[in-house]
Structures are given as C-alpha cells and as structure tokens.
Amino acid sequence: MSDAQVTKDKLVSDFKAVVADTEELLKLTAGQAGDKVADVRGRLSEKLVSAKYKLQDLEAAVVQKTKAAARATDDYVHDNPWKSVGVAAGVGFLLGLLVNRR
C-alpha cells in the first residue's frame, strides 16, 4: 500500500471519528436551551450532513483508486508472469536474508 493510500485511509478514519464525536455532541446538547445554542446546533447539523456526504465521496474515490491499482497489478502479472515470479522470488530472498541476520 502506498504512502498516499495510507494517508487517505487515515484521513477517512480521522474524519469518521470527528463525525461521530460531533453527532455525540449534538445528542448531549439536545436539552440545552437558548437562542445561541439552537443556532450553533442548527449550523453544526447542516455542516455534519455536508461532511457525511463528502466522507462518502472520499470513501468512494479511495475504493475506486484501490480497485484500479489492483486491476493494473493483476493485468501486469497476467501480461508478465515470469517477471512477476522473478520479482517475488527476489523480494522473498532479500527478506529471508534480512530475517536471518537478526
């Protein structure tokens, strides 16, 4: 998995946590009275709905790019099976050397 993919996955995870925390905050302040509180709750609710849609879009983009990368890898392996076997064997050999050193 590339660093960009890990970063996107972390961003999605962090964003989900923020959304969950915001939903919990809205629930906890449901009984609070006052115009300012009601105004803030209203704005926060609107932004939360917007954030959920953006999160869904981001997740869909991450899934789409992951599938595209997997397809490209699969195509490469099918087009170059012996190169793929050679690379896998080389990586396995190097990992074996590193593991045996320790």
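Predicted model only: the values in this text are computed from it and were never measured.
Taking Y53 as the reference, V49, Q56 meet the side chain to side chain contact (heavy atoms under 4.5 Å, CB included) condition, with sequence neighbours excluded. Every residue two or more places apart in sequence or in another chain was checked for a side chain to side chain donor-acceptor pair (under 3.5 Å) with K47, and none qualifies. For K54, the side chain to side chain contact (heavy atoms under 4.5 Å, CB included) partners at least two apart in sequence or on another chain are S50. Contacts of V91 classified as side chain to side chain contact (heavy atoms under 4.5 Å, CB included), with partners at least two apart in sequence or in another chain: V87, L95. Residues satisfying the side chain to side chain donor-acceptor pair (under 3.5 Å) criterion with K83, sequence neighbours excluded, are absent altogether. With sequence neighbours excluded, no residue forms a side chain to side chain donor-acceptor pair (under 3.5 Å) with D79.
Listed by first and then second residue, the side-chain hydrogen bond (donor to acceptor under 3.5 Å, both in side chains) pairs involving residues 68-77 are D74-H78 (not counting sequence neighbours).
Clustering of Ile, Leu, Val, Met, Phe, Trp and Tyr side chains at separations under 4.5 Å leaves V77 isolated, with no partner residue.
Within the 4.5 Å cutoff, the side chain of K52 has no heavy atoms near those of the K16 side chain.
A distance of 7.0 Å separates CG in L97 from CZ in R101, rounded to the nearest 0.5 Å.
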